[in-house]
Amino acid sequence: MRNTITCISILLFLAVLSSTYAQGDGRTLAQAHMDAEFRISLDQRAKTALQQTYGIDISSSGFDSAARLDWFCNSFSLDFHQLRGDFASKQIIMTLDTRKLARRNWDVKKVNQ
């Protein structure tokens, strides 16, 4: 009986864990902004450290195809950040290598320069 209860508890835990993993962690993606000249900037008003991942709304940026968005993302990805375009949702996901930025002593203000 005790083994059955333990087994059921483990199975329930795994079921909850897998459904949570499948849905994502529920955190809101930090936002960055792109201006009319395609310069990306992080929100300096936030009193938080650099985040690893940012979302950038590109609905008004004029990308007319997934191919052009992919070209932009590939062309402007650097050693400390990668850009990945999602044309369907009109968003760019920017992933920062926070370790490289920390080694350079870069904060939000320095990244925005």
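If you read the sequence from its start, that first residue is 1, and numbering goes on from there. Just so you know, these numbers come straight off a predicted model, no measurement behind them.
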Contacts of type side-chain hydrogen bond (donor to acceptor under 3.5 Å, both in side chains), residue Arg39, not counting sequence neighbours: Asp35, Glu37
Report the distance from atom CD of Gln91 to atom CG of Leu69, rounding to the nearest 0.5 Å. 10.5 Å
If I take atom CD1 from residue Ile56 and atom NE2 from residue His33, how far apart are they, to the nearest 0.5 angstrom? 9.5 Å
Please enumerate all residues that pass side-chain hydrogen bond (donor to acceptor under 3.5 Å, both in side chains) together with Asp57, with sequence neighbours excluded. Ser59
Hits for salt bridge (charged side-chain N to carboxylate O under 4.0 Å, His left out) against Arg99, two or more places apart or cross-chain, chain-then-number order -> none
Find the distance between CD (Gln51) and CG (Leu42) and round it off to the nearest 0.5 Å. 9.5 Å
Which residue pairs pass the ring-ring contact (aromatic ring centres under 6.0 Å, His included) test when at least one of the two sits in residues 94-113, sequence neighbours left out? Phe80-Trp106
Pairs involving residues 82-105, ordered by first then second residue, that meet ring-ring contact (aromatic ring centres under 6.0 Å, His included) (sequence neighbours left out): none
In sequence, state the C-alpha distance, the side-chain angles, and the governing distance for Val108 and Asn112, and then conclude on side-chain contact (heavy atoms from CB on, under 4.5 Å). CA-CA 6 Å; Val108 171; Asn112 283 342; 3.8 Å; yes
Holding to side-chain hydrogen bond (donor to acceptor under 3.5 Å, both in side chains), I want the full list of residues that pass it with Ser89, two or more places apart in sequence or in another chain. Asp86
So CG of Asn74 and CD of Gln82: to nearest 0.5 Å the spacing works out to 9.0 Å
Who passes salt bridge (charged side-chain N to carboxylate O under 4.0 Å, His left out) against Arg104, sequence neighbours left out? Asp79
Decide if atom CD of Gln52 counts as having more than 12 heavy atoms of other residues, nucleotides or ligands within a radius under 6.0 Å. no
Taking atom CD of Gln113 and atom CG of Asp107, what is their separation to the nearest 0.5 Å? 8.5 Å
Supply the atom-to-atom distance Ile40 CD1 to Tyr54 OH, rounded to the nearest 0.5 angstrom. 12.0 Å
Note: Cys73 and Gly85 closest approach over all heavy atoms is SG-N, 3.4 Å
Under the side-chain contact (heavy atoms from CB on, under 4.5 Å) test, which residues partner Phe38, sequence neighbours left out? Met34, Ser61, Phe63, Phe72
Between Ser77 and Leu83 (side chain of the first, backbone of the second, donor and acceptor by atom type, cut-off under 3.5 Å), is there such a pair? yes
Kindly give the heavy-atom pair with the smallest separation between Leu50 and Thr98, and that separation in Å. O-CG2, 4.3 Å
side-chain hydrogen bond (donor to acceptor under 3.5 Å, both in side chains) partners of Ser65, counting only residues at least two apart: none
